[in-house]
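Chain letters run A, B, ... following the sequence lines, proteins first, then strands; residues in each count from 1.
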Amino acid sequence: VVTRRGLVAGGAVALLAGCGEEEQAVTAPADALLRQLAAEWALAAATARLPRGAPREAAGQVDLISTRARARAAEIARAVAAEGGRPQDAPEQPAERVAAEEALARAQAAIVAHVVALPSLHGRPLRSLGASLVVGAAGDTALLSDALGMPVDDPFPGTPR
Amino acid sequence: MNRREAIAAAALAALVAPAGARAQRSDIAVLIRLVAREEAAAEAYGSGAAVGVDRLYGDELDHAAALRTHLDALGRRPAPRGLDAPARKLLEAEDDEQLEAAIALESSLVDEYARALADIADPSVLQTAATILASHAQHLARMRGLAVA
């Protein structure tokens, strides 16, 4: 026999477990991942060519950073698809020759995108992916800023402004 | 509110409150662990370790202060715990071993924060921890760059 109390408690448990419509409306990992994907494609496009104003010797480092941004984008795209989203909603962007400041701004924006997404990434595998994206984007931002001669020095990179 | 809605609200509250308390306890435990790591790292860098990356000591102090702000809000003020193993190794390293010891310390901090992100419930604590993770990732990337240069 299922009592009224049991039914109510069961409904509450289902809601807490993320089965309720309200919970699903709040939680949209695929949407968060799409914003992360767009940020990495933007960084990859901005570093596909040596940015304007960048020292020539930065070319190798910039190229490596673009390659790693594309690799992170590919990983995010797989996660978007696994979450039922459409990676093509955040498509790869064509290479651009942007100013060095713009390239660095896009790198910093990628860290912000990964930090801001974390509360929407539920469960250990997605949080683990989120953490690895923060680490990758932050490390590359430091290396890019140094290569461009504009070293960033922030104890809390990725803080939304 | 009718009887059915009242029962539903009470049942939900009874379930949510323990879950919230559990999440808060988990966040407190993570914060205490991370504060100890930051304060140990600050002590190690503050001893004069020269590893070629600027502001390490100041960054660790800023991180510890930010984490302690969250703990204060949760009513907790843990006492300093002293050095952990990676920080002690850096503190005791000879000059030519300091960069390697600092890389090991930063690597352990990156791993610790990356694991912690899976356990943190409060969004504001999560954001603070994530930005500190980003900071340690930057320290580590720069140190590894110096090591191969």
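Contact tally against chain B (heavy-atom pairs below 4.5 Å) for Gly136(A), Ser145(A), Pro160(A), Ser132(A): the top residue is Pro160(A). Counting heavy-atom pairs under 4.5 Å between each of Arg144(B), Gln138(B), Gln127(B), Arg115(B) and chain A puts Gln138(B) at the top. Counting heavy-atom pairs closer than 4.5 Å to chain A, the top residue among Ala129(B), Pro123(B), Ala121(B), Ala141(B) is Ala141(B). If you tally non-hydrogen atom pairs under 4.5 Å between each of Val152(A), Leu121(A), Asp154(A) and chain B, the highest count goes to Val152(A). Listed options Ala138(A), Ala137(A), Pro155(A) were ranked by heavy-atom pairs under 4.5 angstrom with chain B; first place goes to Pro155(A).
Formation of a donor-acceptor pair under 3.5 Å by the Ser120(A) side chain with backbone atoms of Ala32(A) is not found in this model. A donor-acceptor contact shorter than 3.5 Å links the side chain of Gln98(B) to the backbone of Ala50(B). Side chain of Arg127(A) to main chain of Ile120(B): a donor-acceptor pair is present (N/O by atom type, distance under 3.5 Å, no hydrogens or angles). Side-chain atoms of Trp41(A) never come within 3.5 Å of backbone atoms of Ala73(A) as a donor-acceptor pair (strictly under, hydrogens ignored). In this structure a side-chain-to-backbone donor-acceptor pair under 3.5 Å is present from Thr128(B) to Ser124(B). No donor-acceptor pair under 3.5 Å is formed between the side chain of Arg124(A) and the backbone N or O of Ala118(B). The main-chain N or O of Asp63(A) is found under 3.5 Å from a side-chain atom of Thr67(A) such that the two form a donor-acceptor pair.
Contacts with chain A (heavy atom to heavy atom, under 4.5 Å) involve these residues of residues 53-89 of chain B, listed by number: Arg55(B), Asp59(B), Asp62(B), His63(B), Ala66(B).
Residue contact with chain B, scored on non-hydrogen atoms closer than 4.5 Å, involves the backbone and the side chain of Thr159(A) alike. Neither the backbone nor the side chain of Leu140(B) comes within contact range of chain A; no heavy atoms are under 4.5 Å apart. For Leu143(A), the part lying under 4.5 angstrom from a heavy atom of chain B is the side chain only. Heavy-atom distances place no part of Pro125(A) under 4.5 Å from chain B, backbone and side chain included.
The pair Asp140(A)-Arg72(A) meets the salt-bridge criterion, since a charged nitrogen lies less than 4.0 angstrom from a carboxylate oxygen.
Arg70(A) and Ser66(A) form a side-chain donor-acceptor contact under 3.5 Å, judged by distance and modelled atom types alone.
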Just distance, no hydrogens or angles: give the donor-acceptor pairs under 3.5 Å from side chains in residues 105-112 of chain B, sequence neighbours left out.
{"unit_1": "Glu106(B)", "atom_1": "OE1", "unit_2": "His136(B)", "atom_2": "ND1", "d": "2.7"}
{"unit_1": "Glu106(B)", "atom_1": "OE1", "unit_2": "His139(B)", "atom_2": "ND1", "d": "3.4"}
{"unit_1": "Glu106(B)", "atom_1": "OE2", "unit_2": "Tyr45(B)", "atom_2": "OH", "d": "2.6"}
{"unit_1": "Glu106(B)", "atom_1": "OE2", "unit_2": "His139(B)", "atom_2": "ND1", "d": "3.2"}
{"unit_1": "Ser108(B)", "atom_1": "OG", "unit_2": "Arg37(B)", "atom_2": "NH2", "d": "2.8"}
{"unit_1": "Ser108(B)", "atom_1": "OG", "unit_2": "Leu105(B)", "atom_2": "O", "d": "2.7"}
{"unit_1": "Glu112(B)", "atom_1": "OE1", "unit_2": "Arg37(B)", "atom_2": "NH1", "d": "2.9"}
{"unit_1": "Glu112(B)", "atom_1": "OE2", "unit_2": "Arg33(B)", "atom_2": "NE", "d": "2.8"}

